[in-house]
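Nothing fancy with the numbering, it's 1 onward along the sequence. Read the numbers this way: they start at 1 and go in the same order the structure lists the ligands and their atoms. Scope of the values below: all heavy atoms of this structure, side chains included, with no hydrogens, waters or symmetry mates.
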Amino acid sequence: MIRKNAYLSLLAVAMCVGCGPRDKKPMETPKDELVHRLFTYAEEGKIAYGHQDDLFYGHNWLVTDAENDPLERSDVKDVTGKYPVILGCDLGGIELGADENLDGVPFDLMRRAAQKQVERGGIVTFSWHPRNPLTGGDAWDVSSDQVVKSILKGGEKEREFRTWLSRVADFLESIGPDVPVVFRPWHENIGSWFWWGGKLCSAQEYQELYRHTWLYLTKDRGLTNILWCYSPNGDIKPEEYMSRYPGDEFVDILGVDSYEYVGNGTVADASARFKGELRRILTFLTALSYEHNKLMCLSETGYEGIKYPTWWTEILEPAVREYPISYLLTWRNAHDKPEHFYAAWKGFEYEADMKAFSELDNILFLD
Ligand code: BMA
């Protein structure tokens with residue numbers, strides 16, 4: 001009974017989109033301005049569209065001249081005529097001092113793209129799939145549950161991890177002193193597919209990791225223009241969402257990563273299931289965002305290969321429209337894996353539906 005009542009009250013909060021502004025800080029810094037801009041989207045029932053790696057490559061093309069490329073090509077622009085408001089980038093590999101990230105994107109190109117995106121009036125968000133500092137494997141190496149412990153205070157990799165953080169800080173700083181960006185470290189932390197995942201460290205260790213990252217960048221390096229996004233994976237219960245939350249002081253945006261998967265049933269079944277699941281998640285996320293006075297977003301989403309002809313207008317948009325998410329971001333269009341794409345591209349059989357999505361009043365692109 002209590003559970004049912006709690007659910008109903010969550011639903012009530014969720015249905016109150018546009019029902020009143022949240023407490024906003026006065027706008028004193030570029031970060032405050034971006035927070036204000038994103039809150040305003042949510043209050044007006046608008047959702048900004050984002051795409052991972054949008055300017056670096058697409059379904060069948062790739063920037064090859066990293067130094068001189070004008071950064072004008074985009075699958076999203078090819079289809080809709082407009083760039084996404086949000087450019088997603090991944091820092092994986094920067095921790096080792098590499099020139100390129102884990103998907104082959106040169107960091108110099110990423111820096112220029114971030115600057116260009118902001119010049120165009122857009123926003124940049126960074127995820128990070130760092131290598132495994134203990135085993136030397138990648139972010140998905142979950143062979144040890146001692147990794148987070150090893151980089152915290154007193155751990156054998158503490159010093160090395162500080163160097164890793166310093167490289168992240170150097171890069172973010174190099175974008176420009178007054179450019180606010182969204183940083184989304186240690187994502188999908190309830191599942192156990194990354195070395196910082198649910199079964200790989202205790203809640204306390206996870207929280208220490210997040211706070212340590214925040215403290216280093218904010219206090220030691222003075223990077224105060226970062227909006228911090230906390231983004232668990234989606235297929236979870238409401239109480240799991242907050243079970244590893246680092247605390248209000250360390251977070252600006254409550255995000256969630258939620259994808260559609262086909263599984264054994266039909267594409268139509270999967271799409272209906274995804275729509276229901278997304279609403280369930282965004283309902284509790286809305287309640288939490290009001291309770292904690294935080295922005296919210298759908299930090300990663302999509303349907304690999306977009307197999308439903310009207311996925312954008314009949315599945316995604318109806319699933320999100322009632323919720324005050326400031327933005328949503330669909331994942332990357334890999335240039336070297338033909339099935340791995342999450343935005344339409346010129347020539348894709350269902351491209352018209354993404355164009356229709358881009359023309360909806362409540363969905364924002366860069367004009
Ligand atoms: C995953 C896939 C991988 C990629 C990683 C980081 O979801 O797209 O191919 O390396 O994200 O971008």
Fill in: Atom CG of D361 with >12 non-hydrogen neighbours under 6.0 angstrom
no
Discussion item. For the CG atom on D99, are there more than 12 heavy atoms of other groups (residues, nucleotides or ligands in this structure) within a distance under 6.0 Å?
Written reply: no
Fill in: Residue and atom name of the nearest protein heavy atom (relative to atom 9 (O) of ligand 1), distance in Å to one decimal
R332 NH2, 2.8 Å
Discussion item. Heavy-atom count check: over 12 atoms from other residues, nucleotides or ligands less than 6.0 Å from E158 CD?
Written reply: yes
Worksheet item: Is the number of heavy atoms from other residues, nucleotides or ligands under 6.0 Å of E72 CD greater than 12?
Response: yes
Worksheet item: Any Lys/Arg nitrogen of R211 or E208 sitting under 4.0 Å from an Asp/Glu carboxylate oxygen of the other?
Response: no
Discussion item. Only heavy atoms of K337, strictly under 4.0 Å: list the atoms of ligand 1 that pass.
Written reply: 9 (O)
Discussion item. For atom 8 (O) of ligand 1, what is the closest protein heavy atom, and at what distance to 0.1 Å?
Written reply: H340 NE2, 2.6 Å
Practice prompt. Indicate the ring-plane relationship of F357 and W312, choosing parallel, tilted or perpendicular according to the 30° and 60° boundaries.
Written response: tilted
Item to complete: Among all protein heavy atoms, pick the one closest to atom 5 (C) of ligand 1 and tell me residue, atom and distance.
Response: W140 CH2, 3.8 Å
Worksheet entry | Numbered atoms of ligand 1 (with element) below 4.0 Å of H129, judged on heavy atoms | 6 (C)
Discussion item. Tell me the contacting part of Y259 for ligand 1: side chain, backbone, both, or neither, using a 4.0 Å heavy-atom threshold, strictly below.
Written reply: neither
Practice prompt. Quick one: look up the protein heavy atom nearest atom 10 (O) of ligand 1 and list residue, atom name and how far away it is.
Written response: D103 OD1, 2.6 Å
Item to complete: Distance to 0.1 Å, residue and atom name: give those for the protein heavy atom nearest to atom 11 (O) of ligand 1.
Response: W331 NE1, 3.3 Å
